[in-house]
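Here is the structure we will look at.
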2 protein chains.
Amino acid sequence: MEIPAKRILIADDEPDIVEIIQYNLAKEGYEIYTAKDGNEAIERAKQLNPDLIILDIMMPKKTGVEVCQYLRTQPLFQDTLIVFLTALSDETSHIKGLETGADDYVSKPISPKVLVSRVNALFRRINKEEGKTLKIGNIQIDPVKFVVIVDDSEVVLAKKEFELLYLLASKPGRVFLRNEILSQVWGTDVIVGDRTIDVHIRKVRQKLGLDCITTVKGVGYKFEL
Amino acid sequence: MEIPAKRILIADDEPDIVEIIQYNLAKEGYEIYTAKDGNEAIERAKQLNPDLIILDIMMPKKTGVEVCQYLRTQPLFQDTLIVFLTALSDETSHIKGLETGADDYVSKPISPKVLVSRVNALFRRINKEEGKTLKIGNIQIDPVKFVVIVDDSEVVLAKKEFELLYLLASKPGRVFLRNEILSQVWGTDVIVGDRTIDVHIRKVRQKLGLDCITTVKGVGYKFEL
DNA sequence: TTCCATGATTAACAATAAGTTTACACAAAA
DNA sequence: TTTTGTGTAAACTTATTGTTAATCATGGAA
């Protein structure tokens with residue numbers, strides 16, 4: 001199973017700091033994106049849907065705390081990891097940070113090693129906890145909440161529809177034979193007609209309003225972007 | 001359904017520090033236990049099975065890192081939260097701490113506020129739930145007083161109804177299967193008919209006068225907004 | 001081009017799950 | 001003992017979900 005690289009968005013107005021962080025995290029195999037101020041951070045976050053966002057508290061346009069507060073109101077970023085960068089002395093704001101829904105904070109001056117360890121630890125923790133929510137592009141599929149989020153709006157799927165989507169999306173790009181789909185979603189002992197899958201595929205496509213399920217004629221279906 | 005207070009074990013050889021931490025965390029409603037060195041920490045951890053362990057890195061007998069390493073080999077402590085206390089300058093060891101499987105670290109000198117926030121944040125993150133009143137939007141659910149408050153007015157629920165609501169509300173958004181609900185609220189050994197849950201759900205909905213329990217057909221129920 | 005195979009589409013229907021109401025047993029309170 | 005409140009069951013209704021079958025579109029092979 002391919003595991004796509006985790007994406008990290010760094011937002012800080014000091015280019016030097018950004019560069020140091022970027023360099024060190026990239027070395028660990030993360031995909032790094034950057035932003036220079038609060039507004040850009042929000043914009044890029046929506047664009048990229050990163051797995052983790054590192055926010056400097058003191059930034060032009062919007063402070064890190066404001067960015068965090070805003071993002072947390074969006075369903076898409078409910079579970080996104082957020083880490084604050086804060087001046088060591090600035091105790092108040094980092095408390096506010098944690099209250100706001102940040103997952104961690106790191107004090108300046110930043111030690112690259114510390115930051116990397118902290119980031120790794122966060123991802124490790126997340127993997128243990130949920131490990132199940134699928135994120136592909138602007139789509140999130142959460143089997144715990146039984147919810148699909150497309151571009152910030154929730155889509156309600158019926159049980160079979162959800163299971164079908166979840167199966168396909170669990171290995172994006174891979175083609176699932178009709179047989180496979182049947183036995184995975186319907187089980188081996190139930191016998192259903194040929195058109196049943198088609199109909200469900202159709203409903204999913206319709207509800208998502210996205211062309212993300214591709215037909216491979218004579219073979220099966222696959223989930224793609 | 002009783003929710004026991006979270007138990008925290010503090011291990012540090014400096015009595016002053018232990019006392020400060022103990023005082024501040026106890027004030028938050030946690031149950032605090034203490035140990036003076038590495039060996040005692042392990043011993044008491046096994047005895048108490050705490051929810052969170054705060055380990056000073058520099059301790060007699062065994063260092064915090066060693067204690068952590070040992071505990072992580074035990075299945076019982078696989079998911080126990082572990083936080084290190086470390087001297088600010090001591091960067092190496094706290095990196096080692098995170099690598100060892102700690103969930104967080106706090107630098108000395110310790111600010112009580114910071115520590116408390118951090119501990120709260122950890123528990124929130126893990127969602128082991130604070131044994132406290134649940135507040136979701138304009139609803140408050142107090143398992144101690146056995147009272148539900150909706151928009152400033154008290155709603156009286158029967159025992160099973162309350163337990164059911166509390167379970168669902170403890171993880172808003174998450175879907176609980178009928179099975180789960182049965183075993184959590186009714187227990188595994190009681191066998192009740194299929195419609196029993198429905199009836200109770202109905203009563204809760206009715207009494208709350210709010211549409212906050214969503215049905216996911218074929219799957220279960222969830223608490224939302 | 002024509003034909004055939006494979007899906008897509010749609011509406012109708014069947015199966016399933018949940019909502020509702022009523023009734024009843026049982027325990028605690030009056 | 002009577003009353004009241006709580007929890008469960010049963011019978012019935014309603015809504016949603018899943019399946020089928022009939023028909024239409026499309027692309028590739030002959």
Side-chain angles (χ1 to χ4, degrees), chain A residues 141 143 146-148 154-168 175-224, chain B residues 1 143 146-148 154-168 175-224:
Chain A
I141 309 172
F146 212 86
V147 149
V148 178
E154 225 172 271
V155 175
V156 182
L157 295 185
K159 190 168 165 249
K160 280 274 189 304
E161 291 161 15
F162 189 91
E163 288 172 358
L164 178 58
L165 175 62
Y166 191 79
L167 175 67
L168 294 179
V175 179
F176 288 83
L177 313 180
R178 295 173 89 87
N179 276 334
E180 286 182 288
I181 297 177
L182 277 183
S183 64
Q184 294 280 326
V185 177
W186 274 264
T188 43
D189 32 40
V190 194
I191 301 156
V192 292
D194 248 15
R195 297 273 68 71
T196 300
I197 293 184
D198 307 28
V199 174
H200 280 91
I201 290 277
R202 169 138 208 296
K203 285 183 182 164
V204 173
R205 281 175 174 158
Q206 209 170 40
K207 287 193 180 174
L208 292 190
L210 267 171
D211 194 18
C212 57
I213 298 177
T214 313
T215 305
V216 184
K217 270 216 169 190
V219 187
Y221 296 90
K222 67 178 167 177
F223 183 96
E224 256 181 342
Chain B
M1 200 169 57
F146 210 82
V147 149
V148 179
E154 219 172 279
V155 176
V156 183
L157 295 184
K159 188 160 160 265
K160 281 275 189 299
E161 291 161 13
F162 188 91
E163 289 173 357
L164 178 57
L165 176 63
Y166 192 81
L167 175 66
L168 294 179
V175 177
F176 289 83
L177 313 180
R178 295 173 88 87
N179 278 334
E180 288 181 287
I181 296 177
L182 277 183
S183 65
Q184 295 280 327
V185 177
W186 274 265
T188 43
D189 33 39
V190 193
I191 301 158
V192 292
D194 249 14
R195 297 273 67 69
T196 301
I197 292 184
D198 307 27
V199 174
H200 282 86
I201 290 277
R202 170 143 203 294
K203 287 180 183 166
V204 173
R205 280 175 175 158
Q206 212 169 37
K207 288 191 180 175
L208 291 190
L210 268 171
D211 194 18
C212 58
I213 298 177
T214 313
T215 304
V216 184
K217 270 220 169 194
V219 186
Y221 295 90
K222 66 179 166 180
F223 184 97
E224 256 182 340

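A note on names: the letters A, B, ... follow the listed sequences, proteins ahead of strands, and every chain is numbered from 1. These figures come from a predicted structure and were not determined experimentally.
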Of the listed nucleotides (dT8(D), dG18(D), dT19(D)), which one gets closest to any side-chain atom of V192(A)? dT19(D)
When you measure from the side chain of H200(A), which nucleotide among dA18(C), dT20(D), dG18(D) comes out closest?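 Selected nucleotide (nearest to the side chain): dG18(D).
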Taking atom types as they are modelled, would you say the side chain of K217(B) forms a donor-acceptor pair with the base of dT17(D) within the 3.5 Å cutoff?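 No pair found.
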Nearest whole angstrom, please: distance from the [atom2] of [N] to the [atom1] of [X].
X	N	atom1	atom2	result
F162(A)	dG18(D)	CZ	P	13 Å
I181(A)	dG18(D)	CD1	C1'	16 Å
D198(B)	dA9(D)	CG	C1'	12 Å
R178(A)	dA8(C)	CZ	C1'	11 Å
D211(A)	dA8(C)	CG	P	11 Å
I201(B)	dG19(C)	CD1	P	7 Å
Q206(B)	dG5(D)	CD	P	15 Å
R205(A)	dT10(C)	CZ	C1'	15 Å

Do the side-chain N or O atoms of [X] get closer than 4.0 angstrom to the phosphate oxygens (OP1, OP2) of [N]?
X	N	value
R202(B)	dG19(C)	no
Y221(A)	dA8(C)	yes
T215(A)	dT6(C)	no
R195(A)	dA22(D)	no
T196(B)	dG7(D)	no
W186(B)	dG7(D)	no

Any carboxylate oxygen within less than 4.0 angstrom of a Lys/Arg side-chain nitrogen, looking at R205(A) and D198(A)?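 No, no charged N to carboxylate O under 4.0 Å.
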Counting neighbours of NZ on K159(A) that are heavy atoms of other residues, nucleotides or ligands and sit closer than 6.0 Å, is the number greater than 12? no
Is V219(A) touching bases, backbone alone, or none of the nucleic acid, heavy atoms closer than 4.0 Å?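 Sugar-phosphate, backbone atoms only, no base.
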Looking at every strand, decide which applies to K160(A) at a 4.0 Å heavy-atom threshold: base, sugar-phosphate, or nothing.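 Counting heavy atoms under 4.0 Å across all strands, the contact made by K160(A) is with sugar-phosphate only.
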Give the intermediate values and the outcome of side chain to side chain contact (heavy atoms under 4.5 Å, CB included) for residues K203(A) and L164(A). CA-CA 11 Å; K203(A) 285 183 182 164; L164(A) 178 58; over 6 Å; no
What do the steps show when you test L208(B) against I213(B) for side chain to side chain contact (heavy atoms under 4.5 Å, CB included), and what is the final call? CA-CA 10 Å; L208(B) 291 190; I213(B) 298 177; 5.6 Å; no
Please walk me through it: do W186(A) and I191(A) pass side chain to side chain contact (heavy atoms under 4.5 Å, CB included)? CA-CA 8 Å; W186(A) 274 264; I191(A) 301 156; over 6 Å; no
Return the 5'-most residue of the pair I197(A), K203(B) with respect to DNA chain D, ranking by each residue's nearest nucleotide. K203(B)
